[in-house]
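One structure below.
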Amino acid sequence: MRIGEAAAAAGMTPRALRYYEQQGLVTARRAPSGHRVYDAEDIRRLRAVRELRDAGLTVGDVRAFAHLLPTMPPGGVPELAPRGGDPERCSTVETVARRRLADLDARIERLSRLRARLAARLGEPGTGAPEPAAPGAPAGPAEPPTALRAGADSGPLFRLDTLPAPAPAQARPPAPAQSPTPTPTPAPTPPRRPALRA
């Protein structure tokens with residue numbers, strides 16, 4: 001089947017299918033006309049990739065055990081670490097999944113702390129005062145610079161307590177006094193001469 005049909009059968013867009021192919025998670029064959037063609041095994045593999053991504057794994061995580069995708073159960077991926085299966089597959093997949101879970105937990109904790117700080121600055125009820133610095137702690141951010149980014153899927157995090165103070169306003173020098181613009185005086189009109197009579 002062609003790429004559009006294969007993508008629809010796997011529950012994704014043709015663009016996503018091409019991306020997974022670029023990442024080495026599926027390999028298309030070429031028809032004599034040059035079009036990509038996919039078979040039922042490719043569809044099963046793509047569905048497994050989609051389910052693993054939906055479970056919270058990144059493309060890099062899935063790529064770490066891409067060689068094990070053919071051993072995934074044909075009915076989908078109900079568990080990432082099924083018991084009683086292939087020991088190599090269970091161990092590899094579980095290791096990758098637990099590492100991702102720990103990363104998600106750390107990101108959630110950092111974001112929760114950040115949210116609490118921002119909510120406290122906004123005066124939301126129940127948030128309490130901002131976290132005080134520990135005695136003897138150096139001034140500046142309490143977390144290392146690498147912790148200011150929550151992860152590859154999120155943008156930079158800005159700390160309100162480390163923004164530079166605004167520069168003090170400088171008084172402007174008084175503007176030089178300007179003399180009023182002189183108003184022009186009209187030129188004097190010459191006196192009228194009386195008319196001469198004959």
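For the numbers below, each heavy atom of this structure counts, side chains included, while hydrogens, waters and symmetry mates do not.
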Rounded distance [0.5 Å steps], CG in Asp105 versus CZ in Arg98: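 Between atom CG of Asp105 and atom CZ of Arg98 there are 11.0 Å.
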Ile108 side, atom CD1; Leu111 side, atom CG - distance, nearest 0.5 Å: 8.0 Å
Please tell me if the side chains of Thr95 and Phe65 come closer than 4.5 Å, counting only heavy atoms from C-beta onward.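 Not touching, per the 4.5 Å side-chain cut-off.
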Asp61 and Thr58, any side-chain heavy atoms less than 4.5 Å apart: yes
Shortest non-hydrogen contact between [X] and [Y], atoms and distance:
{"X": "Ala31", "Y": "Val37", "answer": "CB-CG1, 3.9 Å"}
{"X": "Arg53", "Y": "Leu57", "answer": "NH1-O, 3.0 Å"}
{"X": "Pro14", "Y": "Gly4", "answer": "CG-CA, 4.3 Å"}
{"X": "Val96", "Y": "Ala64", "answer": "CG2-CB, 4.2 Å"}
{"X": "Leu25", "Y": "Ala66", "answer": "CD2-CB, 3.8 Å"}

Under a 4.0 Å N-O cut-off, is there an ion pair linking [X] with [Y]?
{"X": "Arg99", "Y": "Glu94", "value": "no"}
{"X": "Glu51", "Y": "Arg47", "value": "no"}
{"X": "Asp42", "Y": "Arg45", "value": "no"}
{"X": "Glu21", "Y": "Arg18", "value": "no"}

Step by step, would you call Tyr20 with Met12 a side chain to side chain contact (heavy atoms under 4.5 Å, CB included)? CA-CA 11 Å; Tyr20 292 144; Met12 61 183 64; 3.7 Å; yes
Please determine whether the number of non-hydrogen atoms from other residues, nucleotides or ligands lying under 6.0 Å from atom CZ of Arg15 exceeds 12. no
Checking the side chain of Arg2 only, and the main-chain atoms of His35 only, is there a donor and an acceptor separated by less than 3.5 Å? no
Determine whether Arg36 and Met1 satisfy the following criterion, side chain to side chain contact (heavy atoms under 4.5 Å, CB included), listing intermediate values before the conclusion. CA-CA 8 Å; Arg36 293 178 173 94; Met1 63 183 79; over 6 Å; no
Apply side chain to side chain contact (heavy atoms under 4.5 Å, CB included) to the pair Leu104 and Arg107, showing each step before the final yes or no. CA-CA 5 Å; Leu104 288 170; Arg107 288 169 58 187; 4.0 Å; yes
Result of checking Leu46, Leu52, Val26 against Leu69 for side chain to side chain contact (heavy atoms under 4.5 Å, CB included):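 By the side chain to side chain contact (heavy atoms under 4.5 Å, CB included) criterion, Leu69 pairs with just one of Leu46, Leu52, Val26: Leu52.
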